[in-house]
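Computed over heavy atoms, backbone and side chain alike; hydrogens, waters and symmetry mates excluded.
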Amino acid sequence: APWVCAQKRECQGALAAASMAAKPQIQAYVMGTPPDPSKVQPYPGVSTRYLPHEALYIHTKNLRKEQRQQGETLAQRQWFKDHHRRRREEAKIEDIVKKWRSRSVPNLASPSGRLA
């Protein structure tokens, strides 16, 4: 049963006070009803209109595209070229040093290190 005021004057005073109360001045937007949780796409940026296997394909293509774009600056390409060149040069020098050391192994048993 609805609440009924015992004295009409008190009810009218309460209603008047409620209508004079400060209204909050908060801006709010109505964005519509939230999407159905069972229909939320697990892949960000891909529409729910696609079938799951199509959405996965589109999502992986987008990820590959982003990954490619991150590593395509001229400075990065040049750095990798220089880095590979330096590594090849170091490997050549190490091979030369190893060959030289394998040819001239000193006699460690003698104190001077010479072959006697």
Side-chain angles (χ1 to χ4, degrees):
W3 179 75
V4 179
C5 186
Q7 296 178 349
K8 283 208 164 216
R9 272 187 302 159
E10 286 179 14
C11 289
Q12 287 175 350
L15 290 174
S19 67
M20 293 175 18
K23 307 283 188 284
Q25 292 297 318
I26 299 171
Q27 300 257 338
Y29 295 97
V30 177
M31 299 179 136
T33 57
D36 183 18
S38 65
K39 290 282 193 176
V40 173
Q41 186 64 264
Y43 310 108
V46 181
S47 174
T48 56
R49 287 190 223 149
Y50 293 104
L51 295 174
H53 69 281
E54 294 171 332
L56 176 64
Y57 178 76
I58 293 168
H59 183 65
T60 52
K61 282 188 79 168
N62 289 342
L63 289 178
R64 286 186 188 139
K65 182 179 174 184
E66 287 176 11
Q67 198 172 27
R68 255 193 326 256
Q69 287 174 348
Q70 285 179 351
E72 284 200 4
T73 64
L74 290 173
Q76 286 175 335
R77 276 193 244 144
Q78 185 62 41
W79 184 89
F80 279 107
K81 275 185 181 178
D82 293 343
H83 180 69
H84 291 304
R85 183 179 45 79
R86 277 189 239 111
R87 294 286 302 262
R88 282 193 302 269
E89 289 172 359
E90 287 176 8
K92 285 180 186 176
I93 293 171
E94 283 181 24
D95 287 341
I96 292 169
V97 169
K98 283 180 185 177
K99 285 178 185 176
W100 177 255
R101 287 183 180 163
S102 68
R103 289 184 191 148
S104 58
V105 176
N107 184 1
L108 300 176
S110 70
S112 66
R114 295 184 191 168
L115 296 173

Handout entry: By side-chain contact (heavy atoms from CB on, under 4.5 Å) - contacts of Lys98 (at least two apart)
Key = none
Problem - Counterpart residues, side-chain contact (heavy atoms from CB on, under 4.5 Å), relative to Arg86 (two or more places apart) - result: Asp82, His83
Handout entry: Straight-line distance of Phe80 CZ to Arg85 CZ, nearest 0.5 Å
Key = 15.0 Å
Problem - Heavy-atom neighbours of Arg64 CZ exceed 12 at 6.0 Å - result: no
For residues 50-60, run the donor-acceptor check on the side chains, cut-off 3.5 Å, and write out each pair with its distance to 0.1 Å, sequence neighbours left out.
unit_1, atom_1, unit_2, atom_2, d
Glu54, OE1, Leu51, N, 3.0
Thr60, OG1, Leu56, O, 3.1
Thr60, OG1, Tyr57, O, 2.8

